[in-house]
Amino acid sequence: MNKDRLLALILLIVSAVTFYETAKFPELSNDLQVVDAGFVPKLLALFLTISAGILIYRSYRISTEKIVISLKDSGIIRIGLVLIIMALYGYLLPLIGYELGTVIFLGVLMIIFRLNNWFKIVGISAAAMLAIYYIFIVSLKVPLPLKFL
């Protein structure tokens, strides 16, 4: 199987799961001016489905290259580490708070992806945390599990 078809299959699976799960969301009304909770996830799932279709079309039109996945590949290892760190972030967020958890999470991700400049790691992590804080807490009034701010 070529890499575009494999990615298209993964996108279709994620899209199908997203459509299935968002079908359980309550609908607010039939009015087109009111957006319910499932609107954005359904829109993203539609985008994933269209992207998968484009990938499948391109894979048959352009190449027949075979894909070989090795567990020794550093990219596969990084993906596994990112998934583990994401799970830890979600689990530890209520315990250590949004501020510290987000800075550590983003910093570790940058280290995994080989950014070695500590000033950039700390600066980008802190700036992203503050930007998200401003967008969600100040502008949108969405509560986050804060410990320090």
Side-chain angles (χ1 to χ4, degrees), residues 1-26 35-60 62-149:
M1 177 179 285
N2 102 358
K3 62 184 176 184
D4 286 341
R5 288 184 212 140
L6 178 62
L7 180 58
L9 177 65
I10 293 168
L11 290 176
L12 287 173
I13 291 170
V14 170
S15 178
V17 169
T18 304
F19 275 124
Y20 176 76
E21 290 297 324
T22 56
K24 299 175 188 177
F25 289 2
V35 178
D36 62 3
F39 177 75
V40 172
K42 287 176 186 174
L43 191 62
L44 292 173
L46 178 64
F47 174 74
L48 290 177
T49 304
I50 293 169
S51 298
I54 292 169
L55 279 173
I56 291 170
Y57 171 75
R58 286 186 54 204
S59 72
Y60 282 107
I62 295 174
S63 171
T64 58
E65 173 188 343
K66 300 288 182 190
I67 185 170
V68 177
I69 298 176
S70 170
L71 292 178
K72 294 181 182 178
D73 182 18
S74 66
I76 299 295
I77 293 170
R78 281 193 212 135
I79 290 171
L81 284 172
V82 168
L83 292 174
I84 291 168
I85 291 167
M86 286 173 61
L88 281 171
Y89 175 68
Y91 177 74
L92 294 175
L93 193 62
L95 302 173
I96 63 175
Y98 161 76
E99 309 93 324
L100 183 61
T102 301
V103 169
I104 292 171
F105 172 71
L106 293 174
V108 170
L109 286 182
M110 285 186 261
I111 291 169
I112 288 174
F113 288 102
R114 298 187 178 139
L115 180 63
N116 295 325
N117 185 331
W118 287 98
F119 291 113
K120 285 184 180 179
I121 291 172
V122 172
I124 292 171
S125 297
M129 183 273 298
L130 290 172
I132 294 168
Y133 173 86
Y134 179 78
I135 290 168
F136 283 95
I137 291 189
V138 176
S139 298
L140 299 174
K141 308 286 190 244
V142 175
L144 293 174
L146 300 175
K147 295 286 184 187
F148 303 107
L149 293 178

**Any L146 side-chain heavy atom under 4.5 Å of Y133 side chain** = yes

**Prompt:** Is the backbone of K147 close enough, under 3.5 Å, to the side chain of E99 for a donor and an acceptor to pair up by distance?
**Reply:** yes

**Message:** If you count every heavy atom of other residues, nucleotides or ligands that lies below 6.0 Å from F119 atom CZ, does the total exceed 12?
**Reply:** no

**Asked** What distance separates L55 CG from I50 CD1, expressed to the nearest 0.5 Å?
**Response** 12.5 Å

**Prompt:** How many angstroms lie between atom OG of S59 and atom CD1 of I54, to the nearest 0.5 angstrom?
**Reply:** 12.0 Å

**Item:** Flag side-chain contact, heavy atom, 4.5 Å: L11 against T49
**Value:** no

**Request:** Say whether, by atom type as modelled, one donor and one acceptor occur between the side chain of S125 and the main chain of G107 under 3.5 angstrom.
**Result:** yes

**Asked** If you measure from CD1 on I135 to CG on L130, what distance do you get to the nearest 0.5 Å?
**Response** 11.0 Å

**Request:** Taking all non-hydrogen atoms of both residues into account, name the closest pair between L48 and S15 and its distance.
**Result:** CB-CB, 4.1 Å

**Item:** Gap separating the OG1 atom of T22 from the NZ atom of K24, nearest 0.5 angstrom
**Value:** 10.0 Å

**Asked** What's the spacing between T102 OG1 and L144 CG if we round to 0.5 Å?
**Response** 8.0 Å

**Asked** Okay, side chain of S139, backbone of F136: is any donor-acceptor separation there less than 3.5 Å?
**Response** no

**Asked** For the atom pair CD1 (I96) and OH (Y89), what is the distance rounded to the nearest 0.5 Å?
**Response** 8.5 Å

**Request:** Check whether any side-chain heavy atom of W118 sits under 4.5 Å from a side-chain heavy atom of I111, and report yes or no.
**Result:** yes

**Prompt:** Where the side chain of Y98 meets the backbone of M129, is there a donor-acceptor pair that is under 3.5 Å apart?
**Reply:** yes

**Message:** I'd like to check I124 versus L106 (side-chain heavy atoms, cut-off strictly below 4.5 Å). Are they in contact?
**Reply:** no

**Message:** Before you tell me yes or no, could you show the steps for L92 and I104 under side chain to side chain contact (heavy atoms under 4.5 Å, CB included), namely the whole-Å CA-CA distance, both residues' side-chain angles and the distance that decides it to 0.1 Å?
**Reply:** CA-CA 11 Å; L92 294 175; I104 292 171; over 6 Å; no

**Fill in**
What one should report as the nearest heavy-atom pair of L115 and I121 is O-CD1, 3.1 Å

